[in-house]
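Convention: sequence-line order gives letters A, B, ...; per-chain numbering from 1.
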Amino acid sequence: MPTTPTENDAPSHHTARYAFKDAEARWQAAWDDGNCFAAVENPDLPKYYVLEMFPYPSGRIHMGHVRNYTMGDVVARYKRARGFNVLHPMGWDAFGMPAENAAMEKKVHPAEWTYANIDTMRRQLKLMGLSIDWSREIATCHPDYYRHEQKMFLDFVAAGLIYQREGWVNWDPVDQTVLANEQVIDGCGWRSGAPVEKRRLSQWFFRITDYAQDLLDALDSLDRWPEKVRLMQANWIGRSEGLRISFEMENREDRLEVYTTRPDTIFGASFCAISPEHPLAGELAAEGEGGNPALAAFIEECGRLGTSEAAIEKAEKVGFDTGLRVKHPFIDGRTLPVYVANFILMEYGTGAIFGCPAHDQRDLDFARKYGLDVLPVVVPEDDAAFTVENEAYSGPGKLANSAFLDGMDIDAAKAEIAGRIEAAGAGKREVNFRLRDWGISRQRYWGCPIPIIHCADCGGVPVPEADLPVVLPDDVSFDRPGNPLDRHETWKNVDCPSCGKPATRETDTFDTFVDSSWYFARFASPHADTPTDRAAADYWLPVDQYIGGIEHAILHLLYSRFFMRAMKKTGHAGMDEPFAGLFTQGMICHETYKTESGAWVEPADVLQGHGDNFVHAETRETVTVGRSEKMSKSKKNVIDPEDIISTYGADTARWFMLSDSPPERDLDWTESGITGAWRFSNRLWRLAAANAATLPPPGSDPGTSDARRAVHAAIAGVTEDLEAFHFNRSVARVHELVNALSDIDPATDGGALREGLETVTLLIGPMMPHLAEELWRMLGHDTLVADSPWPVADESLLVQDTVKLAVQVRGKMRGTVEIPHDADQATAEKAALALATVTAALDGAEIKKIIYVPNRIINVIH
RNA sequence: GCGGGCGUGGUGAAAUUGGUAAACACAAGGGACUUAAAAUCCCUCGGCUUCGGCCUUGCCGGUUCAAGUCCGGCCGCCCGCACCA
């Protein structure tokens, strides 16, 4: 660790330091006393809702939070200064697994653990000096919050937005719960990292697929979202246009429904394949005398292989010839074998395909393995000798070997087949989505109870509204794995609200992503008796600027978009899209250290020896410096924000977070970076402290000094950069301004220096709010920067009388000339041609052309 | 495999969207102040140079009066999705 700066050293102007500890506490109290950041609906003012993704109360804040909330606070304070009625709230995403893990490991109740963490993190966030309306604080684990979630669930059920069904689910064997598709990453649970298994369970689902098309189309309207996030969502929704074809089967009355996006390749079809979970597969295994034991065994084998997603990905493509054959729809007398194949997904399309090996790699692998025909039916143009060996061809070309399609391009052939199939009543055009309905049942205690009672006679009965909320029981134990609600007899066993007979509560709780799918709406009216107060929600929503990590590009951001639509349908909100503007920040990275034995080492335990040699402080093992990676406990490369804040102050931490790296990019935590920020805050403080006493009073004439141009250029520049989220450039411009102010002679240009110091104070207000208040007071003001309007640049000062014009000869730089601003071409030419370097470069040659871009460049061509 | 992004000094980066490449900072080196250190202040800081200049934004080519920026082709990293028919 660096030397801790001591406060209040010698009073010399060269060595005195900013006493940040006292100042930061003092100004935070002043903002509280002034109730500065309380948001009140006011239809006469333009509103601006700034929101950072709310934290999970894991224990302590980390650097990612500091960066996230600093950016949000800059936006909130800047917009306030620009006259907006700003809403900037904070809350806690407080349900979830870590609380239960803590309960199991530390024998502490999840609620107690969670609320203690919230207290710690609230205290830490307050140290940062954020302009938050704390009166709107919410925690999703509190019944005052989740009772409204239960109410909306019942409304959603009534509106047909929710259903219950049994189905295959992703089961996390470590967390002992179901995961949504979005929560399975590379075949493993997003939290536990354990390989996910397949289980069949009864689950509640949100009908997000009903909105697939709308969620896709509306992405175009989100013009203040990163292109990357919109693209990721579009890919996730995964729209595909194709054709459902109904194949006639030999010796069977029913038909085989197949979905394809390549109907043009129908003449190249050499087999059909169905999922092991397809009903037909089961029927064929059971039919006839004694059934088909080999097929039944194959299906069972697929089920066993398919217990983990990871296994599926590595599994070889295998099939089983059922002996059944289907008739080719366009070739009389041609039939195709029907296989059961392990790579066909029941959940997509119809769970059945036709295989065209020449134009699909999977089909080709399958055909080679089972000796099926490979007939190319799309041939690239100008390739007479085209054949398919081990690589399927999926590029453009003309149809061949395809009867009436021959010579067509792919699109025409698709249309032709679709038209004929539809005319014959043998299928129809169909749109399919990759997106699945959102399964929200979790077999966990620490979540919002699903307000349903299961009755043997009445089925799943909604809990009557009068009985809401269904509150989690406190008396639970975590000495056994599984869900304690399941074995809580008095909580679980209740009478059916419909018929009065004994019944049982649903013991599953909501996926915590449900909690975070509407919290932004609750912030508009956090104390309302209903989920939302429509007047408040209609005033504040949508969130104008949302800020958070890219890791939520799909999960949280897609769920919330769906939830907003569901709330609109049930009258709880009036719009479709929750977030008008989205900014995704980069991560905080730090160097990693490893011993020879491969163990990670904390930066504090590393000693630097000679040059680039590092050793472990205790063991003296050689330590190698690894590449910079995302700060994480497992890699032991974390820096605790509270240490930094207590050593350097919140403003220094905030300033460093905004400096150097563009906010969307990863930021490398460096010791020198934070000390640099600390030195700058002191330098600025000293500049003001050294001059405050002798400056002319507030409101004095700034005079006509040239220095004023730098002041107003800084206003214009910082304003532009903050609007565009270019915080690192704002920081650079403030540096430039302070450098310029340091050169002003207070004796001759005191008015200009006052204007400059006041301006820089207001400009850093959103970024280093405590220091800004301190300087403002020092400069003789008794108002708060937090209540002060943003400075306005004097346009007339931005235009310089003369400009330095770049001079080129045939595109090569030859020097610059100083000419009047907006000078005409003749003036510019005369000045340029008078330049010695220009005459030398021309060497008497005839000038053919002169290109002149006023105030920028002049290019002489010979 | 499919989709997307990125590549600029020792380092983080900037470049008014085609118009003086390297702003601002960090690190480094030199100096001042100091018994000394810290803090602070000043200077140097892309490369080569015969001191005239020449070269320089991953590599090759193109468009243009002019290319870090636009187009084509390579190379290298990073991210997302992935048996989706």
Side-chain angles (χ1 to χ4, degrees), chain A residues 3 5-6 9-10 12-17 185-187 226-229 231-236 238-240 242 258-262 265 273 312-317 341-345 347-356 359-363 365-366 392 394 432-436 550-551 553-554 659-662 665-668 670-677 679-680 682-683 686 717 720 726 728-739 742 804-816 837 840 848-853 855-862:
Chain A
T3 46
T6 47
D9 317 34
S12 150
H13 286 315
H14 293 294
T15 56
R17 295 184 199 229
I185 300 178
D186 292 333
E227 186 59 40
K228 182 186 169 85
V229 174
L231 196 71
M232 282 167 71
Q233 290 209 353
N235 288 341
W236 187 264
R239 183 181 199 273
S240 77
V258 156
Y259 177 72
T260 180
T261 57
R262 291 296 302 273
T265 65
I312 290 175
E313 279 176 32
K314 293 187 190 95
E316 196 185 352
K317 291 170 185 42
N342 66 341
F343 64 96
I344 309 298
L345 303 173
E347 302 90 64
Y348 189 78
T350 60
I353 62 148
F354 78 76
C356 177
H359 305 292
D360 182 288
Q361 193 60 45
R362 289 159 307 171
D363 296 349
D365 296 344
F366 193 80
S394 57
N432 258 296
F433 294 94
R434 218 188 71 109
L435 184 71
R436 309 270 197 282
I550 185 85
E551 67 272 19
I554 297 170
S659 306
D660 294 344
S661 281
R665 229 177 284 183
D666 287 353
L667 176 122
D668 243 329
T670 60
E671 201 62 55
S672 55
I674 192 76
T675 51
R679 280 200 299 267
F680 175 74
N682 271 290
R683 193 179 152 217
R686 278 196 309 272
E720 190 186 312
H726 294 154
N728 55 321
R729 297 208 304 212
S730 310
V731 167
R733 289 188 201 273
V734 171
H735 277 138
E736 280 178 312
L737 176 56
V738 172
N739 288 344
S742 302
K804 212 159 57 155
L805 187 75
V807 181
Q808 296 184 338
V809 177
R810 288 179 89 172
K812 251 186 176 350
M813 270 297 296
R814 292 297 167 189
T816 58
T837 50
K848 292 204 181 103
K849 198 158 93 174
I850 295 180
I851 289 157
Y852 174 51
V853 182
N855 308 321
R856 294 261 165 83
I857 203 159
I858 186 163
N859 192 0
V860 183
I861 294 114
H862 64 87

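Here A:K812 reaches the OP1 or OP2 of B:C55: one of its side-chain N or O atoms lies under 4.0 Å away. Taking only side-chain nitrogens and oxygens, A:R679 comes nearer than 4.0 Å to OP1 or OP2 of B:C26. OP1 or OP2 of B:A14 has at least one side-chain nitrogen or oxygen of A:N728 nearer than 4.0 Å. Contact check, A:N855 against B:U16: no side-chain N or O comes under 4.0 Å of OP1 or OP2. Within the structure, every side-chain polar atom (N or O) of A:Y259 is placed at least 4.0 Å from both OP1 and OP2 of B:A85.
In terms of heavy-atom proximity, A:F354 sits nearest to A:D363 at O-OD2, 4.1 Å.
Comparing atom distances between the A:R17 side chain and each of B:U20, B:A82, B:A39 picks out B:A39 as nearest. Distances were taken from every side-chain heavy atom of A:R686 (C-beta onward) to each of B:G19, B:U40, B:A85; the shortest belongs to B:U40. For A:R665, the side-chain atoms get nearest to B:A13 when compared with the rest of B:A13, B:C79, B:C84. Listed nucleotides B:G19, B:C26, B:C84 differ in distance to A:S672; the shortest reach to its side chain belongs to B:C26. Closest to the side chain of A:I851, out of B:G19, B:C84, B:G3, is B:G19. When each of B:C24, B:A85, B:G12 is scored by its nearest atom to the side-chain atoms of A:H735, the top-ranked nucleotide is B:C24. The listed nucleotides are B:U20, B:A25, B:U40; the one nearest the side chain of A:D660 is B:A25. With B:A13, B:C24, B:A39 as the choices, the nucleotide that has an atom nearest any side-chain atom of A:P662 turns out to be B:A13. When distances are taken from the side chain of A:N859 to each of B:C41, B:G19, B:A21, the shortest belongs to B:G19. For A:R434, taking side-chain heavy atoms from C-beta onward, the closest of the listed nucleotides B:C83, B:C81, B:G3 is B:C81.
In this structure, the side chains of A:R814 and A:V860 stay at 4.5 Å or more apart for every pair of heavy atoms. A:V731 has its side chain out of reach of A:F680: every pair of non-hydrogen atoms, C-beta onward, lies at least 4.5 Å apart.
Atoms CZ and NZ, from A:F366 and A:K317 in turn, are 10.5 Å apart once rounded to the nearest 0.5 Å. Taken from CD in A:Q808 to CD1 in A:I858, the straight-line distance is 10.5 Å, to the nearest 0.5 Å.
When each of A:E347 and A:G811 is assigned the nucleotide of RNA chain B bearing its nearest heavy atom, the one mapping closer to the 5' terminus is A:G811. Mapping A:Q808 and A:K849 onto RNA chain B by nearest heavy atom places A:Q808 at the nucleotide closer to the 5' end.
Atoms CD1 (A:I674) and P (B:G12) sit 19 Å apart, rounded to a whole Å.
Among the atoms of the strands shown, base atoms are found under 4.0 Å from some heavy atom of A:I344.
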**OP:** Determine, step by step, whether A:D660 and A:R665 satisfy the side chain to side chain contact (heavy atoms under 4.5 Å, CB included) criterion, reporting the C-alpha distance in whole Å, the side-chain angles of both residues, the deciding distance to 0.1 Å, and the verdict.
**Re:** CA-CA 10 Å; A:D660 294 344; A:R665 229 177 284 183; over 6 Å; no

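In textbook terms, a nucleotide whose glycosidic angle is within 90° of 0 is syn, while B:G30, being further out, is anti. By the rule that a glycosidic angle within 90° of 0 means syn, B:G61 does not qualify and counts as anti.
Put simply, the side chain of A:K317 and the base of B:C83 share a donor and an acceptor less than 3.5 Å apart. No N or O donor and acceptor, one from the side chain of A:R239 and one from the base of B:C84, sit under 3.5 Å apart.
Of the P atoms belonging to B:A13 and B:C83, the separation is 35 Å, rounded to the nearest Å.
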